[in-house]
There are 2 protein chains.
Amino acid sequence: MKISTKGRYGLTIMIELAKKHGEGPTSLKTIAQANDLSEHYLEQLIAPLRNAGFVKSIRGAYGGYVLAKGPTEISAGDIIRVLEGPISPVEGIEDEEPAKRALWMRIRDAVKGVLDNTTLEELANHTDDGESDSYMFYI
Amino acid sequence: MKISTKGRYGLTIMIELAKKHGEGPTSLKTIAQANDLSEHYLEQLIAPLRNAGFVKSIRGAYGGYVLAKGPTEISAGDIIRVLEGPISPVEGIEDEEPAKRALWMRIRDAVKGVLDNTTLEELANHTDDGESDSYMFYI
DNA sequence: TCAAATGTCTATCAAATAAGTCAGGATTTT
DNA sequence: AAAATCCTGACTTATTTGATAGACATTTGA
């Protein structure tokens, strides 16, 4: 029941690009160093994002990547779907017995609601607005 | 972003037991055959459910398992937590940057809301109440 | 009392997935 | 030409998942 590093690092890349939106390209090297991640691994993740039309690449020295759309036009769900596949808690919901199928569909819709209503703009401009450190993380 | 067969099959076991609640023990063999699953694999799944106090075992011939509490007192979340670990879309939410941490927490709470508010009783007594087959499964 | 049915426990294993690495080529700018 | 960067595919490693096997303990009922 986890989102893998693909989706997580992909979101990291996209948030970094959103922060620099309108300021020219950012290289993967910069992003990898800033977040202590493998540049080569990020290359694998950004390829599908480019193919899906969320980023544009600019080759050559001082090149890098830029968002292909505005940060308000890209949702967290867009990114997760590209890198992790369809948002669904199980493969083959159709085959399940009705009671379980209804449960999976409710979970899927709940997660979808959150992901599709969170834009890159929100994620890039988020200022810590009072979730206390004492908040319980695991429940 | 998937719930594995551990959680799914565990839920299957518990729904079967809930259907037979008050009617004496049900053997894993019965459940395995009815759902076309490996009995040995189900043994591995029911061990943690027994340790967590959700089922009781009755040994010997004509033995099996029974719910240790009423079907209204056990939620889908109880079962998923025992078999899959804490409900959270990422490991180590604490370490994430605030924007992403907030996103993961919103997802976690959404999923938690569904799972903790669905009881075994609902799952066992579910009658197909009009989710049409044309419902889009992947969105 | 004994055989059959069932649960309990431990160990092992194969397949799939996730995560990351490596090597080298192509393109553009300076 | 040299440097920076993107691009591509193959490869490796670790972990998780799903499954199998077998020895053993307990209970029922003939």
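Keep in mind that what you see is a predicted model, and the values were worked out from it rather than measured. Here is the naming used below: chain letters follow the sequence lines, and residue numbers restart at 1 for every chain.
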**Student:** Rounded to the nearest Å, what distance is computed from the CD atom of residue B:E39 to the C1' atom of nucleotide C:dA5?
**Tutor:** 11 Å
**Student:** Rounded to whole Å, how long is the line connecting atom CG of B:D36 with atom C1' of D:dA19?
**Tutor:** 14 Å
**Student:** Could you give the CG-to-C1' distance, from A:L45 to D:dT8, as a whole number of Å?
**Tutor:** 14 Å
**Student:** Can a donor-acceptor pair under 3.5 Å be found between the side-chain atoms of A:E43 and the base atoms of D:dC7?
**Tutor:** yes
**Student:** NZ of A:K6: more than 12 outside heavy atoms within 6.0 angstrom?
**Tutor:** no
**Student:** Would you kindly compare B:T26 and A:R59 by the position of their nearest DNA chain C nucleotide and give the one closer to the 5′ end?
**Tutor:** B:T26
**Student:** For a quick test of reading the model: is some side-chain N or O of A:Y9 closer than 4.0 Å to OP1 or OP2 of C:dA19?
**Tutor:** no
**Student:** In whole Å, what is the span from the CD1 atom of A:I31 to the C1' atom of D:dT5?
**Tutor:** 13 Å
**Student:** I need the OH-P distance between A:Y62 and C:dT30, as an integer number of Å.
**Tutor:** 8 Å
**Student:** May I ask you to evaluate whether A:S38 reaches the phosphate of C:dT21, defined as a side-chain N or O under 4.0 Å from OP1 or OP2?
**Tutor:** yes
**Student:** Which of these nucleotides, D:dT17, D:dC7, C:dA18, is closest to any side-chain atom of A:S57?
**Tutor:** D:dC7
**Student:** Quick one: on DNA chain D, does A:A61 or A:N51 contact a more 5' nucleotide (nearest heavy atom)?
**Tutor:** A:A61
**Student:** Taking any heavy-atom pair under 4.0 Å as a contact, classify A:Y41: base, sugar-phosphate, or nothing.
**Tutor:** base
**Student:** Does A:E84 use its side chain to pair, donor to acceptor, with the backbone of A:G7 at less than 3.5 Å?
**Tutor:** yes
**Student:** Would you say B:K29 has more than 12 foreign heavy atoms packed within less than 6.0 Å of its NZ?
**Tutor:** no
**Student:** May I ask you to say whether A:K20 pairs ionically with A:E23, meaning some side-chain N is under 4.0 Å from a carboxylate O?
**Tutor:** no
**Student:** In whole angstroms, how far is the P atom of D:dT16 from the CD atom of A:E91?
**Tutor:** 20 Å
**Student:** Does NZ in B:K56 sit with more than 12 non-hydrogen atoms of other residues, nucleotides or ligands closer than 6.0 Å?
**Tutor:** no
**Student:** Using atom CG of A:L49 as one end and atom C1' of D:dC7 as the other, report the distance to the nearest whole Å.
**Tutor:** 15 Å
**Student:** OP1 or OP2 of D:dC7 less than 4.0 angstrom from a side-chain nitrogen or oxygen of A:R50, does that happen here?
**Tutor:** yes
**Student:** Take B:K29 and B:Q44, find for each the nucleotide of DNA chain C with the closest heavy atom, and name the residue whose nucleotide sits nearer the 5' end.
**Tutor:** B:K29
**Student:** Think A:T5 has a side-chain N or O under 4.0 angstrom from the OP1 or OP2 of C:dA19?
**Tutor:** yes
**Student:** Between atom NZ in A:K2 and atom C1' in C:dA19, what is the gap in whole Å?
**Tutor:** 17 Å
**Student:** Which part of the nucleic acid, if any, lies within reach of A:I46 when heavy atoms closer than 4.0 Å are counted: base, sugar-phosphate only, or nothing?
**Tutor:** nothing
**Student:** Return the nearest nucleotide to the side chain of B:Y65; candidates are C:dG7, C:dT21, D:dC6.
**Tutor:** C:dG7
